[in-house]
Amino acid sequence: MFRYVNDDNYYRFIINEQNKFRRLEKKIEGTFTTIAEDTASGYTQGTWQNVHIAIIGNQIQIRFNYELLFSITDDSLSSGKIAIGTEGSINCRFDNILVSNTSLDPYADAVVDSNIKQTNNSQTDVRFALGRPRGADDDLSIGGPGYWIVFDMGENEAIVDGEGNDLRIIEIGALFGNAVDEEHDVYASNSPTGTWSYLGQGIAISEFDLRNAGLEKARYIRIEDLSTRTDNTPTPGSDIDGLQALNMENYSLVSSPQSLDIFLTGVDILLEWDPIGDAVSYNVYASRSVGLSNLIKVNDSPVSTNTFTHLNAGDENLFYSVTSVDAAGYESALSEQVPYLLFLPTITSN
């Protein structure tokens, strides 16, 4: 439900698998009216569904699993709250619920072309690489060499060449051996069919600068898998969890943290940085190598202050970088890296 005023006044979007329909309704002064309906299908059980509702004035657009389902005009309700719920759905869960004052987002919106390995691959659903990153087990396994995918960042959401890096790709890797970091080539274009400009090679979490490819703007990103490390597993090749524009059309992301310092406190690593006024939280990333690639997030939950302690990491020889997160949940580019153990000052207690 959205623009909920009270029990007798609200809009409601329903998906029903048993009766095979998806319906947009309004309830005004206690009376329901169907505004739009699709009776072709309901939804696929046992997998995540993505619902995106964009409302600007009297214009309502509903996208279901990243495809436009309804686009209508209605003047009945101008504001209100949201609500979610189920009826007769066992083990239904809701996640990544976001209310934003902009319809724009920095994540990839659609897949326009792909060649994903289908045999002996348990994660072939390209939708898992779209939208906000979900983490391990909700990502796309491309399949290894010879397999590829092309993403559309979205209308009015193209990546632009700005200060620092312009694109982040999240591939599910792991710093301490829980998964495998896997490499892939990354290309950009303003056409879904190319010509493609090479941005570089990614592995785990990586960032790229359009300027290195001579581009001022790019709407489409092509990832060509290179990894042979997981050929004989249920998740072959690079495991893509999401793409994020760091500089984009029509939306300014929060600034990166500055003045990042690192200290050794016993067996722990303490990081401090200057607070960012528009940030509601921060994330901390580490790598075993110099450069903004092969990264892993080390905080389990959002960091609400401008300090973070990485426990038992004093002997790991890691490089650290930090991002800011704004009120919409969008991350900044990575901060400048701080180096590893060899250069650390030590904090001792009195």
Side-chain angles (χ1 to χ4, degrees), residues 105-108 129-133 135 139 142 149 151 153-154 157-175 181-189 196-227 238-249 251-258 260 271 273 276 279 282-299 318-326 329-340:
D105 73 82
Y107 304 108
L130 300 176
R132 189 182 299 273
D139 53 286
I142 297 179
I149 186 168
F151 293 94
M153 298 305 293
E157 296 177 338
I159 307 162
V160 296
D161 180 33
E163 183 178 352
N165 290 317
D166 307 306
L167 169 68
R168 176 185 295 128
I169 295 180
I170 299 105
E171 191 268 336
I172 296 294
L175 196 60
D181 298 334
E182 299 187 82
E183 58 272 74
H184 43 273
D185 279 336
V186 181
Y187 301 82
S189 177
W196 297 102
S197 298
Y198 184 59
L199 293 182
Q201 187 176 117
I203 184 169
I205 297 174
S206 304
E207 291 191 356
F208 303 89
D209 191 342
L210 291 187
R211 188 167 304 175
N212 293 337
L215 295 175
E216 296 182 356
K217 178 179 175 180
R219 175 171 170 176
Y220 301 94
I221 299 297
R222 180 183 174 101
I223 298 178
E224 296 185 0
D225 208 345
L226 299 173
S227 177
S238 297
D239 304 312
I240 304 301
D241 191 27
L243 282 68
Q244 181 190 344
L246 300 173
N247 292 303
M248 62 179 291
E249 286 185 312
Y251 190 87
S252 296
L253 294 173
V254 63
S255 300
S256 304
Q258 303 295 317
L260 181 59
L271 294 104
W273 55 90
I276 300 297
Y282 304 91
N283 287 320
V284 179
Y285 294 86
S287 175
R288 293 195 185 281
S289 58
V290 177
L292 299 181
S293 65
N294 203 14
L295 295 156
I296 192 72
K297 188 171 74 171
V298 296
N299 55 296
L318 301 176
F319 293 82
Y320 289 91
S321 191
V322 181
T323 63
S324 308
V325 181
D326 66 16
Y330 302 152
E331 272 189 282
S332 72
L334 289 155
S335 71
E336 184 178 358
Q337 281 185 319
V338 291
Y340 59 101

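Across all non-hydrogen atoms, the minimal contact from W196 to Y220 is CZ3-O, 3.6 Å. Counting all heavy atoms, side chain and backbone alike, L260 lies closest to S335 at CD2-OG, 3.6 Å. Across A218 and L215, no two heavy atoms sit closer than the pair CB-CD1, 4.3 Å. Considering all non-hydrogen atoms of both residues, V254 and A279 come closest at CG2-N, 4.0 Å. Heavy-atom minimum distance, G329 versus Y107: O-OH, 3.8 Å. Minimum heavy-atom separation, V322 to P257: O-CD, 3.4 Å.
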Going through the checks in order, is the side chain to side chain contact (heavy atoms under 4.5 Å, CB included) test met by L334 and L295?
-> CA-CA 10 Å; L334 289 155; L295 295 156; 3.3 Å; yes

Full working for side chain to side chain contact (heavy atoms under 4.5 Å, CB included) between V298 and L318 = CA-CA 11 Å; V298 296; L318 301 176; 5.7 Å; no

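In terms of the side-chain hydrogen bond (donor to acceptor under 3.5 Å, both in side chains) criterion, residue partners of R219 (sequence neighbours excluded) are, by chain and number, D152. Partners of V186 according to the side-chain contact (heavy atoms from CB on, under 4.5 Å) rule, which considers only residues two or more places apart in sequence or in another chain, are L167, I169, H184, L199, F208, I221. Y187 is linked by a ring-ring contact (aromatic ring centres under 6.0 Å, His included) to Y198, counting only residues two or more places apart in sequence or in another chain. Taking R168 as the reference, E207, E331 meet the salt bridge (Lys or Arg N to Asp or Glu O under 4.0 Å) condition, with sequence neighbours excluded. S227 meets the side-chain hydrogen bond (donor to acceptor under 3.5 Å, both in side chains) test with E182; sequence neighbours excluded. By the side-chain hydrogen bond (donor to acceptor under 3.5 Å, both in side chains) test, K297 pairs with no residue at all, sequence neighbours left out. Not counting sequence neighbours, the partners of S256 by the side-chain contact (heavy atoms from CB on, under 4.5 Å) test are Q258, S332, A333. Scanning for ring-ring contact (aromatic ring centres under 6.0 Å, His included) contacts around F151 gives an empty result, with sequence neighbours left out. With sequence neighbours left out, N299 forms a side-chain hydrogen bond (donor to acceptor under 3.5 Å, both in side chains) with N283. For E249, the side-chain contact (heavy atoms from CB on, under 4.5 Å) test picks out A158, V160, K217, with sequence neighbours left out. Residues passing the ring-ring contact (aromatic ring centres under 6.0 Å, His included) test with Y320 are H310, sequence neighbours excluded. Annotation: salt bridge (Lys or Arg N to Asp or Glu O under 4.0 Å) contacts of D209 (sequence neighbours excluded): none.
Distance alone, capped at 3.5 Å, places no donor-acceptor pair between the D326 side chain and the L253 backbone. S287 places no side-chain N or O within donor-acceptor distance of the main-chain N or O of F319, the cut-off being under 3.5 Å.
Side-chain atoms of M248 and I159, non-hydrogen and from C-beta on, never get closer than 4.5 Å to each other. Residues D105 and E157 are in side-chain contact: their nearest non-hydrogen atoms beyond the backbone lie under 4.5 Å apart. Counting heavy atoms from C-beta outward, I240 and I142 have side chains that approach closer than 4.5 Å. Looking at L210 and N247, their side chains never come closer than 4.5 Å, going by heavy atoms from C-beta outward. Here the side chains of D225 and E171 are not in contact, with every heavy-atom distance at 4.5 Å or above.
Here I203 contributes atom CD1 and D181 contributes atom CG; the two are 5.0 Å apart, rounded to the nearest 0.5 Å. To the nearest 0.5 angstrom, Q244 atom CD is 8.0 Å from M153 atom CE. Rounding to the nearest 0.5 angstrom, the gap separating the CD1 atom in I296 from the CZ atom in R288 is 11.5 Å. D161 contributes atom CG, which lies 4.0 Å from atom CZ of R211 (distance to the nearest 0.5 angstrom).
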